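Note that this is a predicted model, so its numbers are computed, not measured. Indexing begins at 1, ligand by ligand and atom by atom, following the structure's order.
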Amino acid sequence: MWIIQSKYNAPDFYESLEKELDSLISGEPNLIANLANISSWLFHAIPDLNWCGFYLWSTTDNELVLGPFQGLPACIRIKPERGVCGSAYTTGLVQKIDDVNTFPGHIACDSASISELVIPLKKDNHIFGVLDLDSPKQARFSDADKIMLDKIMTNIAEKIF
Ligand code: SME
């Protein structure tokens with residue numbers, strides 16, 4: 001049984017989060033199982049999210065395909081040149097969007113989403129997919145969220161891909 005206490009405002013929140021995610025995936029080689037548990041953990045540990053999940057790059061289809069997530073059903077396929085997720089995949093850079101309505105080509109899966117943070121998942125200079133966090137609050141994600149989640153997910157990607 002897992003108990004997730006959101007200590008989001010604690011100074012050591014991200015340090016604890018990384019340890020918790022490490023423990024969650026420890027000893028488990030199955031990618032889908034690990035992504036499912038990570039999306040659940042993040043969704044419950046980070047306040048004010050309405051969607052949290054993964055899009056994985058399909059080498060056969062040359063597009064991002066929906067992976068494990070928490071939240072409402074979402075669009076299944078995203079072309080690399082489309083949306084915030086496609087932009088993160090194509091540029092290899094974290095996308096922190098304060099108001100998705102100002103982002104050209106934003107794909108609205110859930111009309112509640114206002115701000116968005118998308119982190120490319122890299123290992124050995126290869127991008128395997130993205131982590132997408134959506135919030136109903138404008139400018140929900142801080143620079144600290146961006147930097148720390150990027151760092152954590154880079155370390156996690158090294159272990160799960
Ligand atoms: N808004 C994303 C699409 C994915 S959903 O938000 C779950 C985008 O523009 O890429």
Side-chain angles (χ1 to χ4, degrees), residues 4 6 8 13-14 17-18 20-21 24-25 30-123 125-157 160-161:
I4 306 177
S6 179
Y8 180 72
F13 171 72
Y14 279 112
L17 182 65
E18 181 156 13
E20 288 155 0
L21 294 181
L24 201 56
I25 62 171
N30 186 278
L31 176 64
I32 298 301
N34 283 332
L35 295 178
N37 268 343
I38 291 168
S39 69
S40 172
W41 194 281
L42 293 175
F43 189 73
H44 290 94
I46 298 175
D48 302 319
L49 299 182
N50 61 302
W51 202 89
C52 170
F54 294 93
Y55 282 89
L56 298 174
W57 181 253
S58 165
T59 50
T60 46
D61 301 343
N62 288 319
E63 57 190 352
L64 291 163
V65 179
L66 183 64
F69 68 95
Q70 301 277 306
L72 290 176
C75 56
I76 297 171
R77 292 170 181 273
I78 298 178
K79 299 275 181 209
E81 66 277 12
R82 291 211 55 220
V84 187
C85 291
S87 194
Y89 177 81
T90 306
T91 62
L93 299 172
V94 178
Q95 304 291 308
K96 182 171 84 65
I97 311 299
D98 289 343
D99 184 345
V100 293
N101 297 306
T102 66
F103 188 93
H106 165 253
I107 303 162
C109 294
D110 180 346
S111 62
S113 300
I114 302 292
S115 56
E116 190 157 346
L117 184 67
V118 183
I119 297 165
L121 304 171
K122 300 174 195 167
K123 181 180 180 180
N125 292 322
H126 185 79
I127 303 180
F128 287 84
V130 300
L131 166 66
D132 182 13
L133 307 173
D134 289 12
S135 172
K137 286 194 169 178
Q138 190 162 6
R140 158 67 186 81
F141 303 102
S142 65
D143 285 339
D145 293 327
K146 174 182 169 180
I147 292 164
M148 295 310 292
L149 281 168
D150 186 27
K151 174 182 161 289
I152 290 173
M153 291 313 298
T154 298
N155 291 339
I156 293 284
I160 59 173
F161 289 108

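Remark: Asp145 engages Arg140 in a salt bridge, criterion side-chain N to carboxylate O under 4.0 Å. Under a 4.0 Å N-O distance rule, the pair Arg82/Glu63 does not qualify as a salt bridge.
Asn34 meets the side chain to side chain donor-acceptor pair (under 3.5 Å) test with no other residue; sequence neighbours excluded.
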Polar pairs, ligand 1 vs protein, N/O only, below 3.5 Å.
residue  : atom   : partner : partner atom : Å
ligand 1 : 1 (N)  : His106  : NE2          : 3.3
ligand 1 : 1 (N)  : Ile107  : O            : 2.7
ligand 1 : 1 (N)  : Glu116  : OE1          : 3.2
ligand 1 : 1 (N)  : Glu116  : OE2          : 3.1
ligand 1 : 6 (O)  : Asp132  : OD2          : 3.4
ligand 1 : 6 (O)  : Asp134  : OD2          : 2.7
ligand 1 : 9 (O)  : Val84   : N            : 3.0
ligand 1 : 9 (O)  : Ile107  : N            : 2.9
ligand 1 : 10 (O) : Val84   : N            : 3.0
ligand 1 : 10 (O) : Cys85   : N            : 2.8

Worksheet entry | Pair Ser113-Asn50, side chain to side chain contact (heavy atoms under 4.5 Å, CB included): steps then yes or no | CA-CA 7 Å; Ser113 300; Asn50 61 302; 3.0 Å; yes
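For the pair Phe161/Leu56, a side-chain contact is recorded, criterion being any heavy-atom separation below 4.5 Å from C-beta on. Residues Phe54 and Leu66 fail the side-chain proximity criterion, which asks for heavy atoms closer than 4.5 Å.
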